[in-house]
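See structure below.
No hydrogens, no waters, no symmetry mates; every other heavy atom, side chains included, goes into these values.
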Amino acid sequence: MHEDPFPCRTPWPALGTSGADKVGTRSQPGRRDAAMAQELRPPLTAGLAVRTRISPVGIWSSLGVAALALQVWVFGRWLLFSDLRSAPPSGYRISGGRTAAVWTLQIVVTATVLSIGVVLLRRCLRERTVTFDAALYVGLLLSMWQDPIMYWNKLYVVYNQHLPNVETWGPYIPGWHGPDTGGEPIYESVAGGSGLAYPIVMVWFWLQYKLYRQIALRRPHWSNWRLFLTAAGIGTLIDLPLEPLFLFSGVFAYPVGYPPLTLFAGHWYQLPLLEVLSASLVLVTPILVLRRIDESRPVPWLFTTSGRTSAPARPSVRLLAGVGLANVVILAYLLANVAIAELGGPFPSDMPTWLW
């Protein structure tokens with residue numbers, strides 16, 4: 001037998017053992033080594049804490065910061081190096097009735113967007129926090145810079161040149177090359193038919209959410225996928241009568257539409273049904289489902305672990321998370337329309353000169 005070279009050494013007790021178990025530990029090197037390893041190993045909760053440092057609010061607020069930085073870069077260069085020209089007079093004529101219609105629609109859209117902002121601001125003040133809807137609203141407002149992505153490769157939408165417009169900032173978006181227009185510049189609308197109207201999606205979202213919630217409550221046995229597709233169908237039915245308001249009034253038009261899936265195909269007021277479907281399926285329904293999941297949460301998933309930030313920073317972090325979420329959703333919607341445009345379709349022969 002080998003004598004212990006440290007006869008006075010204090011034995012290593014196994015963590016979590018009783019006093020009786022500690023007796024004789026010195027003579028059991030296996031248990032002693034296991035106890036040492038347990039004592040040196042980081043607790044499981046510490047490992048979880050490390051993994052959850054990258055929280056939903058951290059990811060989405062980082063995306064929000066990136067979106068803000070990109071649009072500052074895009075708009076900054078556009079303001080510095082562009083002539084900021086509007087479409088020159090091209091001899092087009094627009095009737096008095098159509099002029100009244102398009103401007104009335106602009107006023108209604110602008111008033112609606114402002115009213116939504118007031119409602120959400122009052123709700124934030126009442127709840128003393130930045131709500132999910134408020135963060136999403138701000139994010140939608142700050143998504144307009146992505147508008148030119150819709151015609152990344154083909155001219156997918158044209159705007160009424162009678163309304164306020166300016167030469168596109170698309171060339172200043174990294175990677176953007178734009179459609180072949182024969183050297184003619186592309187003009188962006190800065191009125192109600194442009195990205196400034198994105199926050200009006202909130203009204204659509206609220207209406208669709210109310211209908212979706214009623215169905216979910218009455219059909220608790222339905223699967224999540226069935227509810228998702230039902231919600232997308234509801235959104236499509238909501239958008240289907242809204243799009244013609246902008247088309248027939250002449251605010252904008254879709255010069256490209258896949259004929260088999262386009263209403264009034266071949267005319268300047270044609271409506272690509274795939275665009276309507278993408279608006280519901282990609283733009284609104286995912287946010288709706290996320291909102292539905294949050295009903296059982298004390299804090300919306302988008303803001304999870306936002307309580308780790310300091311109290312003064314919490315509203316700004318939540319707003320940045322909303323900016324990140326909105327910009328990702330808008331990007332997905334625009335890229336969906338880029339893919340739809342690739343299906344092609346003839347340019348309408350009756351396209352008015354005030355649209356093109």
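In this structure, the separation between OH on Tyr137 and CG on Leu319 is 12.5 Å, given to the nearest 0.5 Å. Distance check: Ile330 CD1 to Asp147 CG gives 8.5 Å after rounding to the nearest 0.5 Å. Atoms CH2 and OG, from Trp354 and Ser95 in turn, are 8.0 Å apart once rounded to the nearest 0.5 Å. In this structure, the separation between CD1 on Ile173 and CD on Gln71 is 10.5 Å, given to the nearest 0.5 Å. In this structure, Leu120 CG and Arg122 CZ are separated by 11.5 Å, a value rounded to the nearest 0.5 Å. Within the model, atoms CE of Met351 and CD of Gln270 stand 7.0 Å from one another, a figure rounded to the nearest 0.5 Å.
Taking 4.5 Å as the limit, every side-chain heavy atom of Thr112 sits out of range of all side-chain heavy atoms of Val109. Counting heavy atoms from C-beta outward, Ile287 and Tyr209 have side chains that stay 4.5 Å or more apart. Looking at heavy atoms from C-beta onward, Phe347 lies out of side-chain contact with Val256 at the 4.5 angstrom threshold. Within the 4.5 Å cutoff, the side chain of Leu240 has heavy atoms near those of the Leu271 side chain. For the pair Asn337/Val157, no side-chain contact is recorded, criterion being any heavy-atom separation below 4.5 Å from C-beta on. When side chains are defined from C-beta on, Thr99 counts as touching His162, because their heavy atoms get closer than 4.5 Å. For the pair Ile186/Thr181, a side-chain contact is recorded, criterion being any heavy-atom separation below 4.5 Å from C-beta on. The shortest distance between side-chain heavy atoms of Val282 and Leu277 does not fall below 4.5 Å.
Under a hydrophobic clustering in which Ile, Leu, Val, Met, Phe, Trp and Tyr are joined whenever their side-chain heavy atoms come within less than 4.5 Å, directly or via other members, Leu207 and Val119 fall into different clusters. Linking Ile, Leu, Val, Met, Phe, Trp and Tyr whenever their side-chain heavy atoms come within less than 4.5 Å puts Phe248 and Val276 in one cluster. Met144 and Leu114 are assigned to two separate hydrophobic clusters, defined by single-linkage of ILVMFWY side chains at heavy-atom distances under 4.5 Å. The hydrophobic cluster containing Ile107 does not contain Val203, counting ILVMFWY residues as joined when their side-chain heavy atoms lie under 4.5 angstrom apart, directly or transitively. By the rule that hydrophobic residues join a cluster once side-chain heavy atoms approach within less than 4.5 Å of another member, Val166 and Val158 end up as members of one cluster.
Using a distance-only test at 3.5 Å, with no hydrogens or angles considered, no donor-acceptor pair links the side chain of Thr262 to the main chain of Ala265. Formation of a donor-acceptor pair under 3.5 Å by the Asn165 side chain with backbone atoms of Ala87 is found in this model. Glu167 contributes no side-chain N or O that, together with a main-chain N or O of Ser82, makes up a donor-acceptor pair within less than 3.5 Å. At least one donor-acceptor pair closer than 3.5 Å links the side chain of Arg98 to the backbone N or O of Ser249. A donor-acceptor pair is defined here as one N or O able to donate and one able to accept, closer than 3.5 Å; such a pair exists between the side chain of Ser61 and the backbone of Gly58. In this structure a side-chain-to-backbone donor-acceptor pair under 3.5 Å is present from Asn160 to Gly250.
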Begin from the C-alpha positions of Trp152 and Leu335 and carry the test side-chain contact (heavy atoms from CB on, under 4.5 Å) through to its verdict. CA-CA 9 Å; Trp152 188 281; Leu335 291 178; 5.6 Å; no
Could you please spell out the steps behind the side-chain contact (heavy atoms from CB on, under 4.5 Å) verdict for Ile340 and Ser278? CA-CA 9 Å; Ile340 293 171; Ser278 70; 4.0 Å; yes
Run the side-chain contact (heavy atoms from CB on, under 4.5 Å) test on Phe132 and Leu302 for me, step by step, so that the C-alpha distance in whole Å, both residues' side-chain angles and the decisive distance to 0.1 Å come before the verdict. CA-CA 8 Å; Phe132 176 90; Leu302 184 67; 4.0 Å; yes
Would Leu320 and Leu68 count as a side-chain contact (heavy atoms from CB on, under 4.5 Å) here? Give the steps. CA-CA 9 Å; Leu320 285 172; Leu68 287 176; 3.5 Å; yes
Let's go through Tyr254 and Glu243 carefully: what are the C-alpha distance in whole Å and the side-chain angles of both, what is the deciding distance for side chain to side chain donor-acceptor pair (under 3.5 Å) to 0.1 Å, and is it a yes or a no? CA-CA 11 Å; Tyr254 297 107; Glu243 290 270 358; 3.1 Å; yes
Going through the distances and angles, do Trp176 and Trp169 end up as a ring-ring contact (aromatic ring centres under 6.0 Å, His included)? CA-CA 10 Å; Trp176 191 89; Trp169 52 86; over 10 Å; no
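Pairing each heavy atom of Leu196 with each of Val113, the nearest pair is O-CG2, 4.2 Å. The nearest pair of heavy atoms linking Trp78 to Thr168 is NE1-O, 3.7 Å. Closest approach of Pro174 to Leu70, counting heavy atoms only: CG-CD2, 4.4 Å. Taking every heavy atom of both residues into account, Pro286 and Ser280 meet most closely at CD-O, 4.3 Å. Between Tyr187 and Pro88, the shortest heavy-atom contact is OH-CD, 3.3 Å. Contact record, Met150 with Val338: O-CG2, 3.8 Å, taken as the closest heavy-atom pair.
A donor and an acceptor atom, one from each side chain of Gln146 and Tyr198, are nowhere located under 3.5 Å apart. Side-chain contact annotation: Asn327 with Trp145, donor-acceptor N/O pair under 3.5 Å present.
Ion pairing between Lys154 and Asp180 fails under the 4.0 Å rule for side-chain N and carboxylate O.
Around the CH2 atom of Trp206, the shell of radius 6.0 Å holds more than 12 heavy atoms that belong to other residues, nucleotides or ligands. Heavy atoms from other residues, nucleotides or ligands lying under 6.0 Å from OH of Tyr258 number 12 at most.
Remark: of the listed residues Ile59, Leu63, Leu290, Leu140, Leu290 is the sole one forming a side-chain contact (heavy atoms from CB on, under 4.5 Å) with Leu325.
For residues 340-350, the pairs satisfying side-chain hydrogen bond (donor to acceptor under 3.5 Å, both in side chains) are Asn153-Glu342, His267-Asp350, with sequence neighbours left out.
Ring pair Phe246/Phe252 is parallel by interplanar angle, where below 30° counts as parallel and above 60° as perpendicular.
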